Structure formats: C-alpha cells, structure tokens
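Reading through the structure tokens given below for one structure.
Scope of the values below: all heavy atoms of this structure, side chains included, with no hydrogens, waters or symmetry mates. Numbering starts at 1 and runs along the sequence shown. Whatever order the structure lists ligands and atoms in, that order sets their numbers, starting from 1. Quantities reported herein were computed from a predicted structural model and do not represent experimental measurements.
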Amino acid sequence: MQSIIDVRQVTKTYASGFSALKGIDLQIRRGEIFALLGPNGAGKTTLISIICGIVNPSSGNVLADGHDVVRDFRAARERIGLVPQELTTDAFETVWDTVSFSRALFGKRPNSAYIEKVLRDLSLWNKKDSKLMTLSGGMKRRVMIAKALSHEPPILFLDEPTAGVDVELRRDMWAMVRALRDTGVTIILTTHYIDEAEEMADRIGVINKGELILVEGKAELMEKLGRKQLILQLQAPLQAIPAALAGYPLALSDDGQQLVYTFDAQGENTGIDTLLRRLGEAGIDFKDLQTRQSSLEDIFVSLVEDRA
Ligand SMILES: Nc1ncnc2c1ncn2[C@@H]1O[C@H](COP(=O)(O)OP(=O)(O)OP(=O)(O)O)[C@@H](O)[C@H]1O
C-alpha cells in the first residue's frame with residue numbers, strides 16, 4: 001500500500017548549529033493512527049513542523065499525499081490539518097465563525113453541511129454560536145480540532161493532544177480520535193504519555209535525540225510486553241557480568257546489586273533453570289528473586305537510555 005506520508009533522509013540543523021534531526025526515514029500508512037513518542041527535546045515538534053511545511057529541512061525531503069512539502073507547499077499543506085500544542089483562538093469569535101474562517105483560509109468554498117458534520121462529530125454543535133472565551137478548556141481543544149479539519153484534510157496531526165488534560169477529557173479525546181480515524185483520516189499524534197500510545201496507536205515510533213530509534217506495530221510491541229524480567233538480588237555486588245554468562249540477556253544494575261534477566265514468558269523454555277545453574281557454577285549467590293512484567297514504559301526507557 002502506498003504511504004500517505006513519506007519522510008526520506010530528513011535532517012535539521014538549526015542556525016545555532018544544533019542538530020535536531022539526524023536522517024529520519026518514516027512512512028505513514030494511509031488510515032492509520034501513528035504515535036510519535038519521545039522525551040522532551042527529542043525532535044517531535046521539529047519533525048512535525050517539517051512535514052507540515054512550517055520549518056524547512058536542512059536535507060532530505062517529505063511527500064504528503066504525493067506532494068513535496070517544500071516544492072509543492074500549497075498542495076501538500078492543503079492535505080494536512082494541524083492541531084498545535086497551544087490553544088490559539090480568537091476569544092470573541094463564535095465556534096461556527098472560527099471554523100468556517102479557517103476553511104476559507106485554505107481557499108475552500110463554504111460548505112455549511114460539512115462544517116455542521118465536523119461540529120456534530122466533535123460534540124460542538126450546541127456550542128456553535130458560543131464565543132470561544134465562554135468555552136471550557138476541553139471545548140476549546142475540540143474547536144482546535146474542528147479548525148484543523150475545516151478544509152477536509154486526509155491527514156491530521158495532533159501535537160500533544162492531551163497534555164495537561166484531565167483523565168475524563170483524555171478518554172473523550174481518545175474516543176474522538178478513533179471516530180475520526182473511522183472516517184478515513186490518517187492521524188499522527190505526538191505524546192509523552194506511553195499509555196496514550198498504547199491505547200490509541202496502530203503503530204508507534206520512538207524518537208530520541210533526533211533519531212528514530214524504533215518504528216513498530218503496537219501488536220508487536222505488545223508481544224514484547226509479553227516478556228518478563230527475573231530480578232536477582234545479589235549477595236555481593238558485581239563489577240561486570242561474568243564472561244561465562246555473556247550469552248544471556250542480562251543487565252546489571254548501576255550499583256551492581258541486581259541482575260535482571262529478560263525472558264519470553266510465553267516461550268516453551270524460559271531458560272531460567274539453566275541460568276540459575278550457571279550462576280551457581282560461577283559462584284554468584286543471590287539473596288532474593290522476583291519476576292515482573294516488562295511494560296511499554298520499560299521498553300521505552302531502556303531504548304532511550306541505551307542511546308544516552
Ligand atoms: N529554532 C530553534 N533553534 C535552535 N534550536 C531549536 C529550535 N527549535 C528547537 N530547537 C531544539 O531542537 C531540539 C528538538 O526540539 P523539538 O521542539 O523538536 O523537541 P520535542 O521532541 O518536540 O520536545 P517537546 O516534547 O519538549 O515538545 C531541542 O533541543 C530544541 O531546543
């Protein structure tokens with residue numbers, strides 16, 4: 001299937017000399033919800049801004065629905081709706097006017113039936129005549145989404161859609177985003193929240209220090225979640241993992257007091273028995289042991305730490 005967004009070898013070096021993106025390749029599939037996950041300063045906003053044609057890449061190129069976002073800016077931009085992190089609305093305007101005006105900015109003909117549908121889909125219809133300043137924060141966020149959808153884009157970017165939003169509103173937003181996807185819109189969201197990515201996304205990309213370090217289907221990540229960890233509290237701290245245990249997926253804690261063994265909980269053979277025998281042979285004693293399920297959070301943290 002042809003991808004709706006094609007990012008090829010994109011780099012960005014800011015005027016300060018700071019290298020914010022280091023050769024990003026990413027294909028977004030038509031109709032998916034893609035979550036871009038990364039710590040502060042990872043480069044998420046930079047990447048989105050490049051795809052939306054707001055920031056120029058230093059090298060590489062991006063196609064949005066077949067249009068180069070730099071050379072063919074207008075056509076590419078028309079295919080994209082962007083919901084920025086900050087709420088930027090004119091307090092004195094009504095919901096209806098602000099959404100209709102946004103459509104006009106893209107040079108689209110008025111289409112009140114479409115605007116009505118967007119407002120109804122976002123549960124804003126009974127607020128259509130309200131001035132924006134009278135709306136709650138959650139309603140204002142919905143208006144931002146309605147504005148982004150006003151020109152009927154097939155691609156919607158949501159930059160941190162639920163930052164600082166309460167739990168109930170988050171659930172509402174998630175339901176709304178899913179409903180939008182069901183209408184055929186491709187959705188790319190950035191988030192700090194791992195549970196948000198876990199809940200919403202078909203695929204997840206992890207970005208750290210300007211590099212895309214993983215792109216994977218959620219189902220595959222869930223398989224990784226099926227992994228468990230065996231944590232061994234050692235009698236005496238170790239300086240390093242002994243050579244005799246080199247072939248094992250083991251990690252040593254910073255203080256040398258814990259050995260962590262990651263295994264596939266669904267597998268026939270977890271390898272725990274041989275590991276414990278080997279530890280005995282190597283003269284490594286432990287005083288306690290426990291197992292725990294590794295979460296997407298663990299995977300994320302270890303990915304990001306590995307590259308620190
Ligand atoms: N105009 C600029 N000039 C110089 N450096 C910049 C500029 N814009 C962003 N940066 C730097 O580039 C890096 C990536 O920033 P970016 O905003 O893309 O990260 P982010 O992943 O969106 O972070 P956050 O989650 O905090 O929004 C940061 O270190 C930031 O300081």
Side-chain angles (χ1 to χ4, degrees), residues 5-28 33-62 64 69-70 73 76-77 80-89 137 140-141 144-145 147-148 155-166 169-170 173-174 177 186-201 203-216 218 221 295-308:
I5 290 179
D6 196 356
V7 178
R8 296 182 197 149
Q9 277 301 305
V10 161
T11 68
K12 178 67 188 177
T13 306
Y14 282 110
S16 60
F18 182 79
S19 171
L21 294 178
K22 301 167 185 158
I24 303 284
D25 279 300
L26 176 63
Q27 280 75 43
I28 305 288
I33 299 182
F34 187 91
L36 193 59
L37 204 62
N40 280 117
K44 301 181 294 293
T45 306
T46 303
L47 181 57
I48 287 192
S49 303
I50 288 174
I51 299 173
C52 296
I54 299 164
V55 168
N56 280 338
S58 304
S59 64
N61 66 304
V62 178
V69 299
V70 177
F73 170 74
R77 186 65 185 85
I80 294 173
L82 171 63
V83 185
Q85 268 179 46
E86 280 104 44
L87 304 175
T88 49
T89 49
K140 281 189 191 126
R141 267 179 200 269
M144 297 297 292
I145 298 178
K147 274 176 76 174
I155 305 163
L156 183 68
F157 278 92
L158 297 159
D159 199 1
E160 301 275 349
T162 61
V165 155
D166 68 35
L169 185 55
R170 268 181 100 189
M173 291 280 296
W174 291 350
V177 170
T186 303
I187 293 159
I188 298 112
L189 56 98
T190 69
T191 181
H192 283 113
Y193 302 120
I194 288 151
D195 59 336
E196 184 155 276
E198 201 168 322
E199 173 81 26
M200 301 268 299
R203 288 196 305 149
I204 295 173
V206 176
I207 186 167
N208 188 39
K209 297 189 175 158
E211 285 179 276
L212 202 53
I213 55 183
L214 168 143
V215 175
E216 203 149 21
K218 189 174 61 185
L221 274 172
S295 66
L296 181 53
E297 176 137 21
D298 294 323
I299 295 171
F300 176 64
V301 169
S302 66
L303 277 168
V304 169
E305 273 178 353
D306 280 355
R307 319 258 164 161

Next on the checklist: Tell me the closest heavy-atom pair linking Ala148 and Val83, and the distance in Å.
Outcome noted: CB-CG2, 3.6 Å
Checklist entry - Would Thr11 and Ser58 count as having a side-chain donor-acceptor pair, cut-off 3.5 Å? => result no
Checklist entry - Got the residues with a heavy atom under 4.0 Å of ligand 1, by chain and number? => result Tyr14, Ser16, Phe18, Ala20, Pro39, Asn40, Gly41, Ala42, Gly43, Lys44, Thr45, Thr46, Gln85, His192
Checklist entry - If you look at every heavy atom in Ile24 and Leu212, which pair is closest and at what distance? => result CD1-N, 3.7 Å
Next on the checklist: What verdict does the side chain to side chain contact (heavy atoms under 4.5 Å, CB included) test give for Thr45 and Glu160, after you've listed the backbone C-alpha separation in whole Å, the side-chain angles of each residue and the deciding distance to 0.1 Å?
Outcome noted: CA-CA 10 Å; Thr45 306; Glu160 301 275 349; over 6 Å; no
Next on the checklist: Quick check against the 3.5 Å criterion: does Arg203 have a side-chain atom that pairs as donor or acceptor with the backbone of Val215?
Outcome noted: no
Checklist outcome for this item: Looking only at heavy atoms, the pair that brings Gly53 and Phe73 closest together is O-CE1, 3.5 Å
